[in-house]
> 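Got a structure for you, written out below as structure tokens; questions coming shortly.
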Amino acid sequence: ARLSGTGCPRPYNPTLSKKQFRSREIERAMGRALDREEFEVWYQPQHRLSDLALIGSESLLRWKSGTLGQIFPDEFIEIAESTGFINELGAWVLERSVRDTQSLPTPLSVAVNVSGLQMMGNGFVDDLSRVLHDTGFAPSRLCLELTETVLFDGTEDLVEKMRDIQFRGVSWALDDFGTGYSSLGYLSRLPIDKLKVDKSFTLSLGSDPAAEPILTAVGDLCRGLGMTLLCEGVETQEHLDFLREHHFAEAQGYFFGKPMPYPDFHAYAEREKAK
Ligand code: C2E
Ligand code: CA
Ligand code: CA
Ligand code: CA
């Protein structure tokens, strides 16, 4: 580490790591990105396993920055959370997702990711009410996804908000199930309608002998709790066969389709309707 000198103003912070530097660049570009219409919502199909019908989609953010190029959500969501920009961005994603889904040829559901920070903020319930009111979208077609980590340090206040939202007819999915390190006890206390088993379990079917017993046990757990089970990361026919054989309810993954821009998902829904 270099000495910081004798109090002279420095043109830059020499201890800023590459990662911090990148974060600051992203932070700066992000502020203008909504106005510049650089964000897009892409949609990934979700299918019911009993008859393979298309039932809805998950909306996933994409950002093509004019200055930094394509940046994926795994990198920018965290930064948007740290600056508070996630509230504005999250409200935009919600409205975009609902309006797009309304314009599809069949009445599909849509699952929107919600960050824990967004839930902590004061505006979320209002944003949600406004979108549902302005669009007239049936709340039963909307699912909100929260990750385990969020719930783990979730306060009573958070649970209260979740109940309030569920009371309005919107459902809750617990995302990336199995990757956190929380106890199972909270599952019965929280207003959760659906478990989304993390894709790492599906993807290790066939290579890791533990994957099968874990997935079957999660299947039983879900049935016992009266929750719907959705498996992520379904990439192959073998994955699909296993899940159908074990009566899993729903699936999502590259086998059906990758996340795609709205016009492509519209065409996908048209094709599914014609089947
Ligand atoms: P996630 O919610 O767990 O989303 C699933 C991720 O897995 C997506 O990555 C998706 O493209 C990828 N995926 C889907 N099917 C398959 C598959 O069959 N195989 C493999 N290997 N991967 C698959 P993506 O789009 O890069 O999103 C990453 C994460 O960023 C999401 O994880 C979510 O936590 C977050 N995110 C995305 N959009 C939003 C948003 O609008 N708001 C918030 N708060 N978070 C978002
Ligand atoms: Ca998700
Ligand atoms: Ca997930
Ligand atoms: Ca994830």
Side-chain angles (χ1 to χ4, degrees), residues 26 30 33-34 38-47 56-64 70-98 100-101 109-121 123-124 127-128 131 142-151 171-180 192-207 218 228-240 242-243 250-262 264-265 268:
I26 290 177
M30 205 153 45
L34 262 182
E38 293 178 346
F39 287 107
E40 273 185 41
V41 177
W42 286 28
Y43 298 90
Q44 184 176 34
Q46 297 182 331
H47 285 255
S57 70
E58 176 177 7
S59 74
L60 293 156
L61 258 171
R62 292 294 177 264
W63 177 20
K64 198 158 181 211
Q70 176 89 46
I71 305 171
F72 280 90
D74 276 333
E75 188 172 16
F76 69 76
I77 291 292
E78 204 183 320
I79 299 168
E81 287 181 333
S82 71
T83 63
F85 179 64
I86 192 70
N87 294 310
E88 202 183 336
L89 185 58
W92 180 83
V93 170
L94 181 67
E95 176 152 11
R96 183 75 270 145
S97 306
V98 163
D100 282 348
T101 303
S109 65
V110 67
V112 179
N113 292 284
V114 178
S115 126
L117 258 106
Q118 231 178 311
M119 281 296 285
M120 310 291 182
F124 185 72
D127 288 338
L128 180 67
V131 169
L142 178 65
C143 179
L144 299 174
E145 299 192 0
L146 268 185
T147 58
E148 239 179 338
T149 35
V150 170
L151 295 175
S171 61
W172 284 104
L174 183 52
D175 205 357
D176 300 345
F177 182 73
T179 59
I192 288 168
D193 306 283
K194 183 186 285 197
L195 286 192
K196 287 190 83 176
V197 182
D198 190 66
K199 55 178 176 282
S200 57
F201 295 100
T202 321
L203 291 173
S204 55
L205 274 172
S207 59
V218 173
T228 306
L229 183 59
L230 184 148
C231 246
E232 295 184 321
V234 177
E235 293 190 353
T236 66
Q237 183 72 51
E238 287 71 32
H239 294 159
L240 185 65
F242 175 85
L243 298 175
E250 300 172 0
Q252 178 183 343
Y254 296 169
F255 179 83
F256 297 104
K258 292 193 171 176
M260 54 190 109
Y262 179 69
D264 295 2
F265 185 63
Y268 184 98

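Just so you know, ligand 1 is whichever comes first in the structure, and atom 1 is the first atom listed for that ligand.
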> Contact between ligand 1 and Gly90 is defined here as a heavy atom of the residue under 4.0 Å from a ligand atom; is it met?
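It does not, in that no heavy atom of Gly90 comes within the 4.0 Å cut-off of ligand 1.
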
> Taking both backbone and side-chain atoms of Glu58, is any N or O found less than 3.5 Å from an N or O belonging to ligand 1?
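So ligand 1 has an N or O lying under 3.5 Å from an N or O of Glu58.
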
> Only counting residues at least two apart or in another chain, list the ones meeting side-chain hydrogen bond (donor to acceptor under 3.5 Å, both in side chains) with Glu75.
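Checked Glu75 against side-chain hydrogen bond (donor to acceptor under 3.5 Å, both in side chains); matches are Arg22.
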
> For Asp198, which part has a heavy atom under 4.0 Å from ligand 1: side chain, backbone, both, or neither?
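For Asp198, there is no contact with ligand 1 at all, from either part.
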
> Which ligand 1 atoms, with their elements, are less than 4.0 angstrom from a heavy-atom of Gly253?
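Counting from 1, the qualifying ligand atoms are 15 (N), 18 (O).
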
> Test Phe265 against Gln44 for side-chain contact (heavy atoms from CB on, under 4.5 Å), laying out the working first.
CA-CA 8 Å; Phe265 185 63; Gln44 184 176 34; over 6 Å; no

> From atom 5 (C) of ligand 1, work out which of Lys199, Glu145, Lys196 has a heavy atom at the shortest distance.
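It is Lys199 whose heavy atom sits nearest to atom 5 (C) of ligand 1.
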
> Less than 3.5 Å between some nitrogen or oxygen of Ser59 and one of ligand 1, yes or no?
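In fact, backbone or side chain, Ser59 has no N or O that close.
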
> N/O of Gln118 under 3.5 Å from N/O of ligand 1, yes or no?
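No - when backbone and side-chain N and O of Gln118 are compared with those of ligand 1, no distance drops under 3.5 Å.
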
> Quick test of your reading: applying salt bridge (charged side-chain N to carboxylate O under 4.0 Å, His left out), list the pairs with at least one residue in residues 250-262, sequence neighbours left out, ordered by first then second residue.
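Pairs touching residues 250-262 that pass the test: Lys194-Glu250.
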
> Have a look at Tyr254, Phe76, Trp63 and point out the one with the heavy atom closest to atom 17 (C) of ligand 1.
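Looking at heavy atoms only, the winner is Tyr254.
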
> Could you check which of Leu60, Thr179, Val112 puts a non-hydrogen atom nearest to atom 10 (C) of ligand 1?
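Answer by nearest heavy atom: Leu60.
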
> With side-chain contact (heavy atoms from CB on, under 4.5 Å) as the criterion, how do Asp176 and Glu232 come out once you've worked through the C-alpha distance, each side chain's angles and the decisive distance to 0.1 Å?
CA-CA 8 Å; Asp176 300 345; Glu232 295 184 321; 3.8 Å; yes

> Check whether any side-chain heavy atom of Leu142 sits under 4.5 Å from a side-chain heavy atom of Val110, and report yes or no.
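When only atoms from C-beta onward are counted, Val110 and Leu142 do touch, with a gap below 4.5 Å.
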
> Output the list of atoms in ligand 1 that are nearer than 4.0 Å to some heavy atom of Val93, sorted by atom number.
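Here the atoms of ligand 1 in question are 41 (O).
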
> Taking only heavy atoms of Glu232 into account, list the atoms of ligand 1 that are under 4.0 Å away from them.
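Checking each atom against Glu232, I get 3 (O).
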
> Pairs of nitrogen or oxygen atoms closer than 3.5 Å, one from Leu61 and one from ligand 1: do any exist?
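There is such a contact, yes.
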
> At under 4.0 Å between heavy atoms, is it the side chain or the backbone of Leu89 that contacts ligand 1, or both, or neither?
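Neither; no heavy atom under 4.0 Å.
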
> For Phe256 and Ala251, work out which heavy atoms get closest and say how close.
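In terms of heavy atoms, the two residues are closest at CE1-CB, 3.9 Å.
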
> Any idea which part of Arg62 is under 4.0 Å from ligand 1, heavy-atom wise: side chain, backbone, both or neither?
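Near ligand 1, Arg62 shows its side chain, while the N, CA, C and O stay back.
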
> At their closest point, which heavy atom of Pro259 faces which heavy atom of Tyr254, and how far apart are they?
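Answer, listing the atom of Pro259 first, then Tyr254: CD-CE2, 4.3 Å.
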
> Strictly under 3.0 Å, is any N, O or S atom of Thr147 next to the Ca ion (ligand 2)?
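No, since none of the N, O or S atoms of Thr147 sits under 3.0 Å from the Ca ion (ligand 2).
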
> Kindly confirm or rule out an N or O of Gln252 lying under 3.5 angstrom from an N or O of ligand 1.
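No: no nitrogen or oxygen of Gln252 is under 3.5 Å from one in ligand 1.
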
> Output, in order, the C-alpha distance, side-chain angles, deciding distance and verdict of side-chain contact (heavy atoms from CB on, under 4.5 Å) for Met260 and Tyr268.
CA-CA 10 Å; Met260 54 190 109; Tyr268 184 98; 3.8 Å; yes

> Quick one: does Leu89's side chain get under 4.5 Å of Leu61's, heavy atoms only?
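Yes, their side chains come closer than 4.5 Å.
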
> What is the name of the N/O/S atom of Glu232 that is nearest to the Ca ion (ligand 3)?
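Nearest N/O/S atom: OE2.
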
> Given Phe85 and Leu34, is the side-chain contact (heavy atoms from CB on, under 4.5 Å) satisfied, shown in steps?
CA-CA 10 Å; Phe85 179 64; Leu34 262 182; 3.9 Å; yes

> Can you name the N, O or S atom of Asp176 that is closest to the Ca ion (ligand 3)?
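Result for Asp176 and the Ca ion (ligand 3): OD1.
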
> At the Ca ion (ligand 2), what's the angle from Asp175 OD2 to Asn113 OD1, rounded to 10 degrees?
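Once rounded, the angle between the two atoms at the Ca ion (ligand 2) is 90°.
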
> Quick one: which ligand 1 atoms are inside 4.0 Å of a heavy atom on Gly233?
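Answer, ordered by atom number: 17 (C), 18 (O).
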
> Provide the closest heavy-atom pair for Gln46 versus Ala111 in the form atom of the first, atom of the second, distance.
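Between these two residues, the closest heavy atoms are NE2-CB, 4.2 Å.
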
> Can you see which heavy atom on His239 is nearest to which on Thr202, and at what distance?
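So the minimum-distance heavy-atom pair works out to NE2-O, 3.3 Å.
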
> Provide the number and element of each atom of ligand 1 under 4.0 Å from a heavy atom of Pro259.
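Ligand 1 atoms under the 4.0 Å threshold to Pro259: 11 (O).
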
> Measure the shortest side-chain to side-chain distance between Glu235 and Leu203 over non-hydrogen atoms and say whether it is less than 4.5 angstrom.
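They are in side-chain contact.
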
> Assign the ring pair Tyr262 / Tyr43 to parallel, tilted or perpendicular, where the plane angle (0 to 90°) is split at 30° and 60°.
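The rings of Tyr262 and Tyr43 stand perpendicular, inter-plane angle above 60°.
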
> Out of Pro45, Pro73, Gly257, who is nearest to atom 27 (O) of ligand 1 when you count heavy atoms only?
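That would be Pro73.
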
> Please state which option from Val41, Asn113, Leu94, Thr202 has its nearest heavy atom closest to atom 43 (C) of ligand 1.
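Nearest heavy atom to atom 43 (C) of ligand 1 lies in Asn113.
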
> Look at the rings of Trp92 and Phe39 and say which category their plane angle falls in: under 30° parallel, 30 to 60° tilted, over 60° perpendicular.
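Correct class here is tilted.
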
> Using a strict 4.0 Å cut-off to heavy atoms of Asp74, name the atoms of ligand 1 that fall inside it.
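So the answer, numbered in order with elements, is 28 (C), 29 (C), 30 (O).
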
> Work out the angle at the Ca ion (ligand 2) between OE2 of Glu58 and OE1 of Glu145, rounded to 10°.
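Angle OE2(Glu58)-the Ca ion (ligand 2)-OE1(Glu145): 90°, rounded to 10°.
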
> For ligand 1, which atoms have a heavy atom of Gln44 less than 4.0 angstrom away?
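Ligand 1 atoms under the 4.0 Å threshold to Gln44: 14 (C), 15 (N).
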
